[in-house]
Amino acid sequence: MTAPQASAGVCASARWPASVSGHGRVETEPDVPSAAAWGDPAIIARCGLAPLGPTTDQCVAVDDVDWVVRPLSDGTRATTYGRDPAIEVLVPSAYGPAPLLLPVFTDLARTLPSTGRRCS
């Protein structure tokens with residue numbers, strides 16, 4: 001579950017939200033500061049992914065943080081865009097549209113160094 005750059009300072013000291021959409025934190029395996037989960041089925045977030053390059057996938061701005069949103073077989077993957085390292089949030093379809101859950105990650109996402117890339 002850990003991401004390649006999970007030991008980066010900003011990820012190793014990540015301040016994850018206490019709850020996401022009313023769902024409290026649940027344990028992760030392994031239990032590392034760079035990853036967190038909430039609810040059942042779990043909303044999973046990881047810090048420390050390589051930054052995304054240019055893409056034609058859907059890109060949305062949420063509270064001035066850009067996210068690339070990609071469908072999964074049973075949910076959605078949202079990855080910060082223009083941040084290095086990146087945060088990935090996996091949202092099961094049971095929670096509805098993933099972008100509605102992203103504002104809770106804004107404060108942490110803003111601590112990630114910018115690459116200068118933005119949604120266009």
| said: Would a single hydrophobic cluster contain both Val69 and Ile43, if residues Ile, Leu, Val, Met, Phe, Trp and Tyr are joined by side-chain heavy-atom contacts under 4.5 Å? | reply: yes
| message | Does any part of the side chain of Pro17, heavy atoms only, come nearer than 4.5 Å to the side chain of Trp38, both counted from C-beta? | response | yes
| request: Find out if a path of hydrophobic residues (ILVMFWY) with successive side-chain heavy-atom gaps under 4.5 Å connects Val65 to Leu49. | output: no
| Heavy-atom donor-acceptor pair, Arg25 side chain to Ala18 backbone, under 3.5 Å | no
| request: List in chain and number order the residues that pass ring-ring contact (aromatic ring centres under 6.0 Å, His included) with Trp16, two or more places apart in sequence or in another chain; answer none if no residue qualifies. | output: none
| field | Nearest-0.5 Å distance that lies between atom CZ in Arg15 and atom OG1 in Thr111 | value | 10.5 Å
| request: Please report the shortest heavy-atom distance between Pro85 and Pro113, naming the atom on each side. | output: CD-CD, 4.3 Å
| query | Got a sec, which residues hit salt bridge (Lys or Arg N to Asp or Glu O under 4.0 Å) with Arg118, two or more places apart in sequence or on another chain? | reply | Asp64, Asp66
Which pairs of donor and acceptor atoms, one on a side chain in residues 100-110, lie under 3.5 Å apart (sequence neighbours left out)?
from, atom 1, to, atom 2, distance (Å)
Thr106, OG1, Asp63, OD2, 3.2
Thr106, OG1, Pro103, O, 3.0
Arg110, NH2, Asp63, O, 2.6

| request: Please assess Leu52 against Arg117 for the test side chain to side chain contact (heavy atoms under 4.5 Å, CB included), listing each intermediate value before the final yes or no. | output: CA-CA 9 Å; Leu52 295 175; Arg117 289 196 169 128; over 6 Å; no
Show which side-chain atoms of residues 87-95 pair as donor or acceptor with protein atoms under 3.5 Å away, not counting sequence neighbours.
from, atom 1, to, atom 2, distance (Å)
Glu88, OE1, Arg46, NE, 3.0
Glu88, OE1, Arg46, NH2, 3.1
Glu88, OE2, Arg77, NE, 3.1
Ser93, OG, Asp74, OD1, 2.6
Tyr95, OH, Asp40, N, 3.4
Tyr95, OH, Pro41, O, 2.4

| request: Name all pairs fulfilling the ring pair (Phe, Tyr, Trp, His ring centres under 6.0 Å) condition that reach into residues 40-74, sequence neighbours left out, sorted by first residue then second. | output: none
| note | On a heavy-atom basis, the closest approach of Pro51 and Gln5 is CD-NE2, 4.3 Å
| message | For residues 21-99, which residue pairs pass the disulfide (SG to SG under 2.5 Å) check, not counting sequence neighbours? | response | Cys11-Cys47, Cys59-Cys119
